[in-house]
Amino acid sequence: NAGVTQTPKFQVLKTGQSMTLQCAQDMNHEYMSWYRQDPGMGLRLIHYSVGAGITDQGEVPNGYNVSRSTTEDFPLRLLSAAPSQTSVYFCASSPGTGRDTQYFGPGTRLTVL
Amino acid sequence: AQKVTQAQTEISVVEKEDVTLDCVYETRDTTYYLFWYKQPPSGELVFLIRRNSFDEQNEISGRYSWNFQKSTSSFNFTITASQVVDSAVYFCALYERGSRLTFGEGTQLTVNP
């Protein structure tokens with residue numbers, strides 16, 4: 001049981017490049033979400049999904065896309081990377097809604113030059 | 001709007017001291033959930049506790065205890081006889097029905113030998 005996995009662990013991009021952060025969970029959780037962590041700002045919700053085929057925006061969705069074609073996977077796409085997207089990204093999953101305990105992946109540290 | 005305030009940005013103690021991390025929240029709902037997470041230097045987010053708004057009983061788990069007081073909208077976390085391994089950033093978070101999980105900015109705890 002791997003829990004929540006994220007790849008890559010580290011990534012450096014140039015401004016304007018696109019990339020996909022991968023997230024997978026093997027706990028059959030319906031709810032998955034993406035957060036970014038910036039110094040002094042805690043974690044902020046980017047996008048979330050309450051089940052396969054259903055996604056919605058969080059607090060800071062601009063510049064990011066998501067899709068949920070399966071229960072297990074919830075990739076986060078950066079369309080055109082900007083230095084403001086330099087951050088640590090965490091994926092999380094929980095059995096139900098956000099009221100349930102969320103289990104976090106190890107994070108991806110992204111630097112945009 | 002829901003909000004979580006962790007006024008203590010950094011706390012430094014000497015090993016074996018007791019330390020309390022404060023968490024004050026704002027919500028308009030009567031049904032909500034509070035969480036504490038630990039982020040050690042390795043970077044992962046570790047779930048510590050979940051509490052719903054109808055359960056005001058204090059919780060103790062080993063050296064950890066939590067004091068939930070609805071009258072003051074606080075959910076404080078105390079570590080008794082702190083250890084170096086307790087050094088981490090601690091986040092308090094609030095979930096309100098129909099909304100999203102909102103994190104405080106975190107408190108950096110350093111326990112010195």
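Here is the naming used below: chain letters follow the sequence lines, and residue numbers restart at 1 for every chain. Please read all numbers here as calculations on a predicted model, not as lab measurements.
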With a 4.5 angstrom heavy-atom cut-off, could you sort out which part of Asp100(A) is near chain B: side chain, backbone, both or neither?
both

Using the rule that Ile, Leu, Val, Met, Phe, Trp and Tyr join whenever any side-chain heavy atoms are under 4.5 Å apart, tell me whether Leu94(B) and Trp36(B) fall into a single cluster.
yes

Residue-level contacts of residues 40-77 of chain B with chain A, using a heavy-atom cutoff under 4.5 Å
Gly43(B), Leu45(B), Phe47(B), Arg50(B)

Using heavy-atom distances under 4.5 Å, tell me whether Gln102(A) contacts chain B through its side chain, its backbone, both, or neither.
both

For the hydrophobic clusters of this structure (ILVMFWY residues joined by side-chain heavy atoms under 4.5 Å, transitively), does one cluster hold both Met32(A) and Leu76(A)?
yes

Taking a hydrophobic cluster as the set of Ile, Leu, Val, Met, Phe, Trp and Tyr residues connected by side-chain heavy atoms closer than 4.5 Å, whether directly or through intermediates, do Val4(B) and Leu101(B) fall within one such cluster?
no

Kindly indicate, with the supporting measurements, whether the criterion side chain to side chain contact (heavy atoms under 4.5 Å, CB included) is fulfilled by Arg99(A) and Glu96(B).
CA-CA 8 Å; Arg99(A) 73 177 184 185; Glu96(B) 198 178 74; over 6 Å; no

hydrophobic_cluster_shared for Tyr31(A) and Tyr89(A), side chain cutoff 4.5 Å
no

Side chain, backbone, both or neither of Tyr32(B) within contact of chain A (heavy atoms, under 4.5 Å):
neither

Assigning hydrophobic clusters by single linkage (Ile, Leu, Val, Met, Phe, Trp, Tyr; side-chain heavy-atom cutoff under 4.5 Å), is Tyr37(B) placed with Leu109(B)?
no

For Gln39(B), which atoms come within 4.5 Å of any heavy atom of chain A: side chain, backbone, both, or neither?
side chain

Chain B-proximal positions within residues 43-67 of chain A [heavy-atom distance under 4.5 Å]:
Leu43(A), Leu45(A), Glu59(A)

